[in-house]
Colleague: 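Below is the structure I would like to discuss, written out as C-alpha cells.
Small disclaimer: the values here were computed from a predicted structure and weren't measured.
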Amino acid sequence: MTNISQTITERIVITGIGLTAPNGDNLVEFRKALLTGKSGIQPYNIRYFGDTVAGICHFDELKYQKRRELRRGTRAGSIAIYCANEAIQDSGLNWEAQPKENVGVYIGLTEHGNVETENEIYQIKQYDYDCNYWSHHHNPRTVANNPAGEVTLNLSITGPHYTIGAACAAGNAGIIQGVQQLRLGEVDLAIVGGVSESIHTFGIFAAFHAQNALAKHNDPTKASRPFDRNRNGIVVSEGGCLYILERLTDAKKRNAKIYAEVVGYAMNSDATDFVLPNPERQAQCMQKAILFAGLTPNDIDLINTHATATPSGDIQEIIAIRQLFGNSPKTFINNTKSFIGHAMGAAGVLELAGNIPSFDDHWIHPTINVDELDPKCEIDNLVLNKPIQVDSIRYILNNSFGMVGTNSVIIVKKFED
C-alpha cells in the first residue's frame with residue numbers, strides 16, 4: 001500500500017472500460033451505435049404492468065459465470081461481473097499477479113433488491129404465500145452491497161467493496177469514490193462505476209406511469225427524445241459500465257493504455273423537492289467541479305447532459321447550463337439517453353464512456369429523435385440528430401442528477417503526459 005503523503009495529489013487515470021448497454025456490449029460497439037444513430041430501445045412486456053418500451057441488454061451472461069452462479073445471484077450482480085471482467089481485460093492488467101487485497105470495488109446504484117423481492121413473492125404465490133417456500137438466497141441477494149460483493153466473489157478481490165446509493169447520480173459517485181480512495185492510499189487499483197437492473201421490476205414502470213412520466217411512442221426507437229417539444233417521459237433501461245482507475249504513476253510503470261484523466265468532480269444536494277430538479281443547485285455543482293479542476297467554463301469542450309426527456313427536467317438542466325456556459329461559444333452539448341433510455345445508476349458512467357472516444361476521433365455524437373426542438377430547451381451548440389466533427393476535444397463534463405435532489409458532475413481530460 002502506498003503512503004498517503006505520496007498519493008494525495010496523484011493524477012488519476014482511466015485505463016480500462018467494460019460495459020453493456022442496450023445498443024452495445026463493449027465500447028467499440030457502443031460508440032459505433034452512437035455515431036450511426038442506432039437506438040437500443042425496443043418493445044417490452046413486464047408482469048402486471050403489461051406492454052411498454054425499455055432498453056434491454058444482451059450481453060453473454062455465461063462469459064464469466066456458470067449457470068449455478070446466475071441462479072444464485074442477481075441480475076445487477078451479473079451485469080457488474082460482466083463489466084468488471086471486461087474492464088480488467090481491456091486494461092491489460094496482469095490480473096493473476098495483481099495483489100487482490102489492494103483492489104477496491106465501488107459501484108453506484110439507484111436501487112437494489114426490488115427485482116429479487118418481486119420475483120420471490122411471485123414464486124411463493126403458487127404455494128399460497130407459504131413462507132416455508134421463501135428462497136434462502138433472499139438476504140444475500142437483496143443487501144445493498146450485493147453487486148459489488150458479487151464482483152469480489154467472482155474475481156477473488158479481498159480489498160474493500162461497497163455500493164453507493166445516489167439515485168441516478170450514482171455512477172458518477174462511484175467514480176468519485178474510487179478517485180478519493182486512490183488518493184488516500186486506501187487502495188492501489190479501483191473498479192468503479194454503476195449498474196442497473198431496473199427493467200426487471202414492474203414497480204418502476206408503474207411508478208413512472210403514476211407520475212405521468214413514462215415515455216410512450218408508436219416507434220420504440222423514438223420513445224426517448226430529450227429536448228423534443230413532444231417528449232413525454234422516461235424510457236427505463238438496464239445497463240452497466242465499470243472503469244479501471246489507477247494512479248498515473250502506476251499506469252505508466254506498466255505502460256498502460258490511458259483513456260482519460262479524471263480532473264474534476266463535485267456532488268451537492270438540491271434540498272428543495274423530491275423529484276423536481278433545482279437548476280441553481282445543478283449550476284453550482286457544475287461550477288464546483290470546474291473550479292476543482294482549475295478550469296473555466298470556456299475550457300469545457302463537451303457537456304453530456306443528464307436530460308431524461310421529462311417535460312420539466314430537461315428545461316431545468318438547460319437553464320443551469322445557460323447560467324454557466326451562456327458565454328462559452330466552444331462548448332458543445334449532447335445527450336446519450338436519446339439512444340439508450342435512462343439506465344438509472346449506470347446512466348452517467350455509460351454516457352461518459354460513450355463520449356470518451358471523442359478525445360481521439362474528434363466526433364461528437366448527437367441527441368437523436370429531436371423532430372421539433374422545444375424553444376425552452378434552445379441553447380447554442382446543442383448537437384442534434386447528426387454527429388459533428390470538431391478540431392479537438394480536451395475536456396468533457398458529464399452531468400448526472402437524481403431523485404431527492406442529488407447531483408453529481410465529473411470532468412475528464414484527454415490524457416497528456
Side-chain angles (χ1 to χ4, degrees), residues 9 11-14 34-35 169 172 175-176 179 226-227 248 258-268 277-307 314-336 348-349 351-367 370 373-401 407-417:
T9 58
R11 296 166 65 183
I12 307 299
V13 294
I14 298 169
L34 297 177
L35 291 179
N172 278 0
I175 294 177
I176 292 169
V179 170
F227 309 131
L248 176 59
I258 296 175
Y259 281 101
E261 179 180 357
V262 182
V263 294
Y265 58 80
M267 294 191 71
N268 72 355
N278 184 317
E280 185 178 349
R281 299 288 94 75
Q282 292 179 345
Q284 287 174 350
C285 194
M286 287 185 278
Q287 184 175 42
K288 185 177 179 181
I290 290 168
L291 290 173
F292 185 100
L295 305 173
T296 69
N298 284 327
D299 293 315
I300 303 299
D301 300 292
L302 174 60
I303 299 171
N304 181 87
T305 58
H306 174 75
D314 293 11
I315 295 169
Q316 302 293 78
E317 185 176 4
I318 291 298
I319 290 171
I321 293 172
R322 282 197 203 109
Q323 186 175 325
L324 268 184
F325 295 92
N327 297 315
S328 179
K330 66 183 284 288
T331 302
F332 291 90
I333 301 163
N334 70 356
N335 179 276
T336 312
V349 281
E351 294 160 15
L352 178 61
N355 281 292
I356 281 176
S358 65
F359 285 138
D360 295 322
D361 63 27
H362 302 166
W363 283 98
I364 298 175
H365 80 70
T367 306
V370 182
L373 180 64
D374 183 343
K376 294 181 180 178
C377 294
E378 287 184 1
I379 190 169
D380 290 344
N381 295 327
L382 183 60
V383 182
L384 299 177
N385 298 317
K386 293 182 180 180
I388 65 168
Q389 192 165 33
V390 295
D391 292 336
S392 68
I393 293 180
R394 293 186 68 219
Y395 293 99
I396 298 172
L397 182 147
N398 187 58
N399 281 340
S400 205
F401 309 133
N407 305 313
S408 66
V409 176
I410 293 282
I411 298 174
V412 295
K413 178 185 178 183
K414 178 181 175 66
F415 176 66
E416 297 166 345
D417 196 355

Colleague: Has K414 got more than 12 heavy atoms of other residues, nucleotides or ligands less than 6.0 Å from its NZ?
Modeller: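 Correct, the count exceeds 12.
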Colleague: Could you give all pairs that pass the salt bridge (Lys or Arg N to Asp or Glu O under 4.0 Å) test and reach residues 389-401, with sequence neighbours left out?
Modeller: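 Of all non-adjacent pairs touching residues 389-401, those that pass salt bridge (Lys or Arg N to Asp or Glu O under 4.0 Å) are R394-E416.
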Colleague: Counting only N and O atoms by type, is there a donor-acceptor contact under 3.5 Å from the side chain of T367 to the main-chain atoms of N334?
Modeller: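 Pair absent, no side-chain N/O of T367 close to backbone of N334.
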Colleague: Please check this pair: side chain of Q323 against backbone of E280, looking for a donor-acceptor N/O pair closer than 3.5 Å.
Modeller: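 Checked: no pair found.
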Colleague: Using modelled atom types only, decide if a donor and an acceptor are shared between the side chain of N381 and the backbone of P329 within a distance under 3.5 Å.
Modeller: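 Pair found, side chain donor or acceptor close to backbone of P329.
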Colleague: Using every non-hydrogen atom in the two residues, find where A266 and A289 come nearest and quote the distance to one decimal.
Modeller: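 Looking at all heavy atoms of both residues, the shortest contact is CB-N, 3.6 Å.
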Colleague: Between the main-chain N or O of H362 and the side-chain N or O of Q389, is there a donor-acceptor pair closer than 3.5 Å?
Modeller: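 It does not hold such a pair.
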Colleague: Could you go through the side-chain contact (heavy atoms from CB on, under 4.5 Å) check for T336 and N304 one step at a time?
Modeller: CA-CA 7 Å; T336 312; N304 181 87; 2.8 Å; yes
Colleague: Does some side-chain heavy atom of I303 sit less than 4.5 Å from a side-chain heavy atom of T331?
Modeller: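 Yes, side chains in contact.
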Colleague: The test is side-chain contact (heavy atoms from CB on, under 4.5 Å); show your working for L352 and I410 and say whether it passes.
Modeller: CA-CA 9 Å; L352 178 61; I410 293 282; 4.2 Å; yes
Colleague: Taking it one step at a time, do T296 and D299 satisfy side chain to side chain donor-acceptor pair (under 3.5 Å)?
Modeller: CA-CA 5 Å; T296 69; D299 293 315; 3.2 Å; yes
Colleague: Answer yes or no: is there a donor N or O on one side and an acceptor on the other, between the side chain of D301 and the main chain of Y395, under 3.5 Å?
Modeller: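 Yes, the answer is positive, given that a donor and an acceptor are paired below the 3.5 Å cut-off.
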Colleague: Is there side-chain contact between V262 and V13, with at least one heavy-atom pair below 4.5 Å?
Modeller: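 Sidechains of V13 and V262: no contact.
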Colleague: Salt-bridge test for K413 and E261: reply yes if a basic N is under 4.0 Å from a carboxylate O, no otherwise.
Modeller: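 Salt bridge absent between K413 and E261.
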Colleague: Heavy atoms only: give me the nearest A293-G264 pair and the separation to one decimal.
Modeller: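 Residues A293 and G264, closest heavy atoms: CB-CA, 3.9 Å.
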Colleague: Specify the closest pair of heavy atoms between P279 and A320, including all atoms of both residues, with the distance to one decimal.
Modeller: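 Looks like O-CB, 3.3 Å.
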Colleague: Without swapping roles, check the side chain of N407 against the backbone of F401 for a donor-acceptor pair under 3.5 Å.
Modeller: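 Not at all, since once roles are kept as given, no pair shorter than 3.5 Å links the two residues.
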Colleague: Would you say Q316's side chain and P277's backbone share a donor-acceptor pair under 3.5 angstrom?
Modeller: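 It does hold such a pair.
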Colleague: Run the numbers on I393 and V390 for side-chain contact (heavy atoms from CB on, under 4.5 Å), then give the verdict.
Modeller: CA-CA 7 Å; I393 293 180; V390 295; 3.6 Å; yes
Colleague: Please report the shortest heavy-atom distance between K376 and I318, naming the atom on each side.
Modeller: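 Nearest heavy atoms, K376 then I318: O-CG2, 4.2 Å.
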Colleague: Suppose we call two aromatic rings close when their centres sit under 6.0 Å apart. Are Y259 and F415 close by that rule?
Modeller: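 No, too far apart.
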Colleague: I need the F332 CZ to I300 CD1 distance, nearest 0.5 Å.
Modeller: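 Between F332 CZ and I300 CD1, I get 14.0 Å after rounding to 0.5 Å.
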Colleague: Any heavy-atom pair between the side chains of L295 and I411 that's under 4.5 Å?
Modeller: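 Result yes, sub-4.5 Å side-chain heavy-atom pair found.
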Colleague: Let me see the working for N355 and L34 under side-chain contact (heavy atoms from CB on, under 4.5 Å), right down to the final yes or no.
Modeller: CA-CA 9 Å; N355 281 292; L34 297 177; over 6 Å; no
Colleague: Between the main-chain N or O of C377 and the side-chain N or O of D314, is there a donor-acceptor pair closer than 3.5 Å?
Modeller: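 Checked: no pair found.
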Colleague: What is the minimum heavy-atom distance between E317 and Q282, and which atoms define it?
Modeller: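 Smallest heavy-atom distance, with atoms named: CA-OE1, 3.4 Å.
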Colleague: Taking all non-hydrogen atoms of both residues into account, name the closest pair between I290 and L324 and its distance.
Modeller: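 For I290 versus L324, the nearest heavy atoms are CD1-CD1, 4.4 Å.
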Colleague: Out of the candidates L302, T305, V409, only one should pair with L397 under the side chain to side chain contact (heavy atoms under 4.5 Å, CB included) rule; please name it.
Modeller: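 With L397 as partner, side chain to side chain contact (heavy atoms under 4.5 Å, CB included) holds for just one option, V409.
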Colleague: Donor-acceptor pair, S408 side chain versus A169 backbone, under 3.5 Å?
Modeller: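 Yes, because the side chain of S408 sits within donor-acceptor range (under 3.5 Å) of the backbone of A169.
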Colleague: Report the distance from atom CG of N327 to atom CZ of R322, rounding to the nearest 0.5 Å.
Modeller: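 Reported to 0.5 Å precision, the distance equals 13.0 Å.
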Colleague: Is any side-chain heavy atom of F227 less than 4.5 Å from a side-chain heavy atom of L382?
Modeller: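 A side-chain contact exists here, since the closest heavy-atom pair is under 4.5 Å.
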Colleague: So, does N172 use its side chain to make a donor-acceptor pair with the main chain of N399 at under 3.5 Å?
Modeller: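 Pair absent, no side-chain N/O of N172 close to backbone of N399.
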Colleague: Hey, does M286 have a side-chain heavy atom less than 4.5 Å from the side chain of F325?
Modeller: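 Side chain of F325 against side chain of M286, heavy atoms only: contact under 4.5 Å found.
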Colleague: Just verifying a value: how many Å separate E351 CD and H306 NE2, rounded to the nearest 0.5 Å?
Modeller: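 Answer rounded to 0.5 Å: 7.5 Å.
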